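Notes follow once the structure below has been shown.
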Amino acid sequence: QQQLVESGGGLVQAGGSLRLSCAASGVTFSMYAMGWFRHTPGKEREFVAAISRSGGTTYYANSVKGRFTISRDNAKNTVLLQMNSLKPDDTAVYYCAGRHSWSSTYYYTSSSDYNAWGQGTQVTVSS
């Protein structure tokens with residue numbers, strides 16, 4: 001089964017940037033659609049961004065659209081989340097998720113769509 005490990009979280013001031021990485025192993029990475037979610041205590045897990053198998057299709061939550069960019073490098077088995085213009089409301093634990101897909105263009109926005117999850121990386125944005 002797919003194994004996922006996130007990295008790149010940390011503390012940053014409002015308006016700053018961070019880049020999260022998710023390294024995959026165990027399966028053929030190019031057969032998996034990928035996504036990012038985040039969670040804050042007291043709130044349900046929230047969809048952030050998704051990308052199709054080939055990387056040709058992306059989709060973002062309205063709260064991060066224009067500020068975050070999801071990308072992937074199938075040769076390196078890696079998916080990235082570039083986060084710019086960070087706000088205190090972006091503070092959360094960020095999770096990488098994967099789902100096997102026969103479609104090269106589909107993406108998934110619900111946590112129930114995904115089969116594999118990383119352990120998360122903390123992002124804290126100070127005001």
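As a basis for the values below, the full set of heavy atoms in this structure was taken, side chains included, without hydrogen atoms, waters or symmetry mates. Numbers for residues simply follow the sequence, beginning at 1. What you see is a predicted model, and the numbers here were worked out from it, not measured in a lab.
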**Prompt:** According to the interplanar angle, ranging from 0 to 90°, do the rings of Trp117 and Tyr95 count as parallel (below 30°), tilted (30 to 60°) or perpendicular (above 60°)?
**Reply:** perpendicular
**Nearest-0.5 Å distance that lies between atom CD1 in Ile51 and atom OH in Tyr108** = 14.0 Å
Would you give me the side-chain donor-acceptor pairs under 3.5 Å for residues 7-23, sequence neighbours excluded?
{"from": "Ser17", "atom 1": "OG", "to": "Asn84", "atom 2": "OD1", "distance (Å)": "2.9"}

**Message:** Show the nearest heavy-atom pair for residues Asn74 and Ser30, with the distance to one decimal.
**Reply:** ND2-CB, 3.8 Å
**Message:** With rounding to the nearest 0.5 angstrom, report the CG to CZ distance, Leu80 to Phe68.
**Reply:** 14.0 Å
**Minimum side-chain heavy-atom gap Val79-Ile70 below 4.5 Å** = yes
**Fill in**
To the nearest 0.5 Å, atom OG of Ser110 lies from atom CZ of Arg45 at 10.5 Å
**Asked** Would you say Thr57 and Tyr106 make side-chain contact, with heavy atoms under 4.5 Å?
**Response** no
**Message:** Other residues, nucleotides and ligands only: do more than 12 of their heavy atoms fall within 6.0 Å of NZ on Lys65?
**Reply:** yes
**Prompt:** Is there a chain of hydrophobic side chains (I, L, V, M, F, W, Y, each step under 4.5 Å between heavy atoms) that links Val64 to Tyr59?
**Reply:** no
**Prompt:** What's the shortest heavy-atom distance between Val48 and Tyr94, and which atoms?
**Reply:** CG2-CE2, 4.3 Å
**Prompt:** Can you name the nearest heavy-atom pair linking Asp73 to Phe29, along with the distance?
**Reply:** O-CE2, 4.1 Å
**Item:** Exercise: identify the closest heavy-atom pair between Ala61 and Phe47
**Value:** CB-O, 3.4 Å
**Request:** Check Met31, His100, Met34 against Gln2 for a side chain to side chain contact (heavy atoms under 4.5 Å, CB included) and give me the one that passes.
**Result:** Met34
**Prompt:** Do Met83 and Val123 come close enough that some side-chain heavy atom pair is under 4.5 Å?
**Reply:** yes
**Prompt:** Between atom OG of Ser63 and atom CZ of Arg38, what is the distance when rounded to the nearest 0.5 Å?
**Reply:** 4.5 Å
**Asked** Atom OH of Tyr32 and atom CG of Leu4: how far apart are they, to the nearest 0.5 Å?
**Response** 9.0 Å
**Prompt:** Which value, rounded to the nearest 0.5 Å, describes the distance between Tyr107 atom OH and Arg99 atom CZ?
**Reply:** 14.5 Å
**Request:** Kindly say whether Cys96 contributes a backbone atom to a donor-acceptor pair with the side chain of Glu6 at under 3.5 angstrom?
**Result:** yes
**Prompt:** Is a side-chain N or O of Thr105 found less than 3.5 angstrom from the main chain of Gly56, in a donor-acceptor match?
**Reply:** no
